[in-house]
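See below for the structure under consideration.
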Amino acid sequence: MSAVVTTQDPDVIAAEHHDGLPFDRGAHDRLLRMPPLRGSRIAHSAVPVTVDASALESQLAEARATIAEQRERIAYLESLSMTDELTGLLNRRGFFSHFRREIAAARRQRAKGNGKGGGVLVIIDLDGFKRINDTHGHMAGDAYLRQIARLLVGAVREEDVVARLGGDEFALLLTNTDAACGGARARQIATMACRRGVPWSNAELPIRFSFGVQPYGADDREEEVVRLADAHMYRNKAGRRLRSPGRKAAQPVARSAANRRATA
């Protein structure tokens with residue numbers, strides 16, 4: 001007569017599944033008292049969790065404000081890296097960044113069949129600026145540069161670009177125009193500038209500069225366009241020196257009493 005043995009019999013379990021380790025009856029009893037499995041999940045009691053919605057909203061709003069502040073800070077630092085501190089114009093880095101975008105826009109415009117695109121670059125170099133610094137000091141030189149910047153910004157369209165490349169060198173990007181119109185506009189600006197001066201102390205410092213013009217389009221590289229415009233500018237400057245060897249561009253001109261009262 002064979003005996004029927006259930007899986008709840010610890011002695012049988014110990015005999016059939018003994019793996020060389022001592023049988024732990026206490027552990028076996030604890031396993032028997034565990035609740036049964038429900039499908040593939042272990043049954044457990046629910047733990048209530050309380051969530052403060054207002055606190056979460058406050059933390060979310062604070063995180064958004066921090067992100068917005070960081071973005072503003074990044075934008076401010078980027079603008080500093082591309083802006084000339086003295087004049088507020090684009091600096092050399094900002095100018096080349098903008099120039100690359102202009103040439104890329106010309107390529108897109110041509111690809112869409114909307115014309116050639118492009119414009120004219122004007123490189124400007126002040127005449128006699130070193131004499132101003134040597135004679136009147138660097139504060140006069142700074143005031144002179146700021147006045148040149150205001151003059152150039154006021155002489156171009158809103159869509160054009162004005163930059164200070166460094167020292168006494170400036171650049172104009174006359175967009176969406178051809179070489180003839182760009183050259184004529186550069187000559188008009190130079191003529192207008194020659195009729196003005198920068199008040200300093202009891203004198204007026206004349207404004208004189210040499211310029212070079214070079215058109216650009218979709219097939220050009222910004223560095224090459226700048227090099228060509230720079231070469232044209234230096235030829236222009238050399239020619240002006242030959243035509244007027246005795247002129248002292250930065251020599252201050254005495255201002256009349258009427259002019260002194262007008263600017264007082």
Side-chain angles (χ1 to χ4, degrees), residues 82-96 120-156 160-174 182-214 225-264:
M82 295 192 176
T83 304
D84 176 56
E85 183 178 2
L86 178 64
T87 63
L89 302 177
L90 290 176
N91 60 17
R92 191 176 190 88
R93 178 181 179 184
F95 166 77
F96 274 97
V120 170
L121 168 66
V122 182
I123 294 291
I124 294 172
D125 190 82
L126 304 182
D127 295 335
F129 180 69
K130 183 178 183 300
R131 187 184 297 275
I132 292 176
N133 278 332
D134 293 343
T135 304
H136 302 281
H138 289 283
M139 290 185 64
D142 289 349
Y144 192 86
L145 292 173
R146 284 192 291 266
Q147 184 62 33
I148 295 295
R150 287 192 289 269
L151 184 151
L152 294 177
V153 170
V156 300
D160 296 330
V161 177
V162 184
R164 181 189 176 203
L165 301 184
D168 60 349
E169 189 177 32
F170 293 80
L172 306 178
L173 272 182
L174 307 179
R185 186 57 185 152
R187 289 189 292 273
Q188 290 173 358
I189 294 173
T191 300
M192 175 190 65
C194 287
R195 296 171 182 167
R196 299 187 183 184
V198 177
W200 185 257
S201 186
N202 292 324
E204 186 168 290
L205 308 178
I207 298 176
R208 301 287 187 273
F209 59 75
S210 303
F211 65 90
V213 178
Q214 179 64 32
V225 177
V226 171
R227 187 189 68 80
L228 292 173
D230 215 36
H232 298 327
M233 182 273 296
Y234 278 112
R235 282 197 294 269
N236 182 10
K237 185 181 287 287
R240 296 180 67 207
R241 286 173 178 168
L242 290 175
R243 288 192 297 269
S244 54
R247 180 178 59 83
K248 296 182 179 180
Q251 186 66 31
V253 178
R255 297 162 59 196
S256 65
N259 285 340
R260 288 196 296 271
R261 287 195 298 271
T263 56

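Everything quoted here is computed from the prediction, not taken from an experiment.
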Query - Flag if over 12 foreign heavy atoms under 6.0 Å of CZ, Arg93 - result: no
Report task. Pick out which of Asp127, Asn236, Asp125 makes a side chain to side chain donor-acceptor pair (under 3.5 Å) with Ser210. Result -> Asp127
**Report entry** Candidate list Leu121, Ile123, Asp160, Ile189, test side chain to side chain contact (heavy atoms under 4.5 Å, CB included), partner Leu172, passing option
**Finding:** Ile189
Report summary line: Here the gap from Arg150 atom CZ to Thr87 atom OG1, rounded to the nearest 0.5 Å, amounts to 10.0 Å
Query raised in the report: Between Ala149 and Leu89, which heavy-atom pair has the shortest distance, and what is it?
Result: CB-CD1, 3.6 Å
Report summary line: Nearest heavy-atom approach of Gly182 to Leu174 is O-CD1, 3.9 Å
Query raised in the report: Are the side chain of Arg164 and the backbone N or O of Arg146 linked by a donor-acceptor pair below 3.5 Å?
Result: no
Report summary line: NZ of Lys130 to OG1 of Thr135, rounded to nearest 0.5 Å, is 9.0 Å
Report summary line: Minimal heavy-atom distance between Met192 and Ala155, with the atoms involved, is CE-CB, 3.6 Å
Query - Inter-residue atom distance Ile207.CD1 - Leu151.CG, 0.5 Å rounding - result: 5.5 Å
Query - Spatial distance of atom CD (Gln214) from atom CE (Met233) [nearest 0.5 Å] - result: 13.5 Å
Requested in this report: Check step by step if side chain to side chain contact (heavy atoms under 4.5 Å, CB included) holds for Val226 and Phe96.
Outcome: CA-CA 10 Å; Val226 171; Phe96 274 97; 3.9 Å; yes
Requested in this report: Starting from the C-alpha separation in whole Å, work towards a yes-or-no answer on side chain to side chain contact (heavy atoms under 4.5 Å, CB included) for Asn91 and Met82.
Outcome: CA-CA 5 Å; Asn91 60 17; Met82 295 192 176; 4.2 Å; yes
Query - Heavy-atom check, side chain of Val213 versus side chain of Arg187, under 4.5 Å - result: no
Query raised in the report: What do the steps show when you test Asn133 against Tyr144 for side chain to side chain contact (heavy atoms under 4.5 Å, CB included), and what is the final call?
Result: CA-CA 10 Å; Asn133 278 332; Tyr144 192 86; over 6 Å; no
Query - Nearest non-hydrogen partners of Phe129 and Gly141, listed with the distance - result: CE1-O, 3.5 Å
Query raised in the report: How long is the gap from CZ on Arg208 to NZ on Lys237, to the nearest 0.5 Å?
Result: 12.5 Å
Requested in this report: Any chance you could measure Leu86, atom CG, to Thr83, atom OG1, to the nearest 0.5 Å?
Outcome: 12.5 Å
